[in-house]
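In what follows, a single structure is set out as structure tokens and then discussed.
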Amino acid sequence: MSLLELIVRADERGLAASGVACLDRCVPLLADEGEVLRPLWSGLADGEQTWASRLAAAREAMESAVITDETATLVRKMLAAAPSDWAAEPLRAWSDSCSVVALEIHQQFDVVGDRPIDTPDSGGPYGAWVERCRAGAAGDAEANPGIGPFVAGPLVSGELRRQIQILQILSDTAGTAGLRQALDVSTEGQRVLRAVVSRRARAQG
């Protein structure tokens with residue numbers, strides 16, 4: 001099942017967790033990561049009961065985080081765009097947007113793969129290709145993204161796989177067990193991006 005199909009079929013819990021996980025993997029872009037998203041992860045199991053209050057706490061923590069560049073600003077904007085209502089449609093729109101932005105962020109740090117002149121949401125050729133990847137229509141026989149006109153590097157490919165894996169886990173595994181597994185997958189992706197960001201900082205420093 002493609003990423004877009006999984007997003008369409010996901011319930012409120014899956015959509016909220018998917019969006020939070022996309023944010024979580026991009027947290028290494030912040031100069032001072034702290035535990036800005038911990039309130040949201042902790043409250044996902046409670047669903048509607050604590051979502052709005054936990055979201056407000058996460059936004060407050062994010063406002064105090066050090067933002068060093070435009071890419072890091074995208075992380076703050078993604079959190080600011082999260083709906084306070086625990087409802088499927090606004091959560092689906094937010095989760096979908098987080099998916100696209102997270103892929104774009106990972107593309108910017110990829111050491112291989114094409115460097116587009118447009119962005120996924122700009123309507124240009126690269127944006128159309130990202131949508132084909134998310135729809136499962138831009139891959140090879142093993143479902144690896146990269147069949148023209150653009151080539152995905154390992155960071156983009158890995159991010160796409162994690163987005164799919166997390167939604168599958170949340171669909172198949174109920175309760176806190178599913179959330180723990182989703183957090184484990186997201187933490188793995190966070191470590192990957194953190195290592196890349198650290199190497200780039202050393203090379204530029």
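- Glu89 pairs by the side chain to side chain donor-acceptor pair (under 3.5 Å) definition with Arg92, not counting sequence neighbours.
- A side-chain donor from one of Ser198 and Arg202 sits under 3.5 Å from a side-chain acceptor of the other.
- For the pair Phe109 and Val196, the tightest heavy-atom approach, listed with the atom from each and the gap, is O-CG1, 3.7 Å.
- A search for side chain to side chain donor-acceptor pair (under 3.5 Å) contacts involving Ser84 returns nothing, not counting sequence neighbours.
- Taking OG of Ser171 as the reference point, atom CZ of Arg9 lies at 8.5 Å (rounded to 0.5 Å).
- Between Met62 atom CE and Arg59 atom CZ the span is 10.5 Å, to the nearest 0.5 Å.
- Using a 4.5 Å cut-off between side-chain heavy atoms of Ile, Leu, Val, Met, Phe, Trp and Tyr, with links allowed through other members, Ile166 and Val8 fall into different hydrophobic clusters.
- Side-chain contact between Leu29 and Leu74 is absent, with no heavy-atom pair separated by less than 4.5 Å.
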With a 3.5 Å cut-off and sequence neighbours excluded, list the donor-acceptor pairs that the side chains of residues 42-53 form with protein atoms.
{"from": "Ser42", "atom 1": "OG", "to": "Arg38", "atom 2": "O", "distance (Å)": "2.9"}
{"from": "Thr50", "atom 1": "OG1", "to": "Gly43", "atom 2": "O", "distance (Å)": "3.3"}
{"from": "Trp51", "atom 1": "NE1", "to": "Pro83", "atom 2": "O", "distance (Å)": "2.7"}
{"from": "Ser53", "atom 1": "OG", "to": "Thr50", "atom 2": "O", "distance (Å)": "3.0"}

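- Val101 and Leu4 fall into different hydrophobic clusters, where Ile, Leu, Val, Met, Phe, Trp and Tyr residues are linked whenever their side-chain heavy atoms come under 4.5 Å apart, directly or through other members.
- Gln163 places a side-chain heavy atom less than 4.5 Å from the side chain of Leu103.
- The two residues Ser99 and Arg134 have their closest heavy-atom pair at OG-NH1, 3.0 Å.
- When atom types are taken as modelled, the side chain of Arg13 and the backbone of Gly175 share a donor-acceptor pair closer than 3.5 angstrom.
- A heavy-atom distance below 4.5 Å is not found between the side chains of Glu104 and Val100.
- In this structure, CD1 in Ile7 is found 9.5 Å from CD1 in Ile164, a value given to the nearest 0.5 Å.
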Give the intermediate values and the outcome of side-chain contact (heavy atoms from CB on, under 4.5 Å) for residues Leu183 and Asp24.
-> CA-CA 9 Å; Leu183 178 57; Asp24 190 54; 4.2 Å; yes
Test side-chain contact (heavy atoms from CB on, under 4.5 Å) on Glu159 and Cys22 and set out the steps.
-> CA-CA 9 Å; Glu159 172 62 15; Cys22 285; 4.2 Å; yes
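- When atom types are taken as modelled, the side chain of Trp94 and the backbone of Leu79 share no donor-acceptor pair closer than 3.5 angstrom.
- Listed here is the closest heavy atom pair of Ala16 and Leu91: CB-CD2, 4.2 Å.
- Leu170 CG to Gln165 CD: the interatomic distance, rounded to the nearest 0.5 Å, is 10.5 Å.
- Summarising the geometry, atom NE2 belonging to His106 is positioned 7.0 Å from atom CZ belonging to Arg162; distances are rounded to the nearest 0.5 Å.
- Heavy atoms only, all atoms of each residue included: Ile105 and Cys26 are closest at CD1-SG, 3.8 Å.
- Across all non-hydrogen atoms, the minimal contact from Val197 to Pro28 is CG1-O, 4.0 Å.
- For the side-chain contact (heavy atoms from CB on, under 4.5 Å) test, residues two or more places apart in sequence or in another chain that qualify with Ala10 are Leu15, Leu167.
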Take Arg191 and Thr187 through the test side-chain contact (heavy atoms from CB on, under 4.5 Å) and record every step on the way to the result.
-> CA-CA 6 Å; Arg191 284 196 296 265; Thr187 299; 3.4 Å; yes
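- Under the side chain to side chain donor-acceptor pair (under 3.5 Å) criterion, Ser95 pairs with Ser18, sequence neighbours left out.
- Rounded to the nearest 0.5 angstrom, Arg76 CZ and Leu23 CG are separated by 12.5 Å.
- Remark: Glu5 pairs with Ser2 by the side chain to side chain donor-acceptor pair (under 3.5 Å) rule, at least two apart or across chains.
- Ser186 contributes a side-chain N or O that, together with a main-chain N or O of Ala21, makes up a donor-acceptor pair within less than 3.5 Å.
- Taking all atoms of both residues into account, the shortest heavy-atom contact from Ile169 to Ala182 is CG2-N, 4.2 Å.
- A donor-acceptor pair is defined here as one N or O able to donate and one able to accept, closer than 3.5 Å; no such pair exists between the side chain of Arg25 and the backbone of Gln190.
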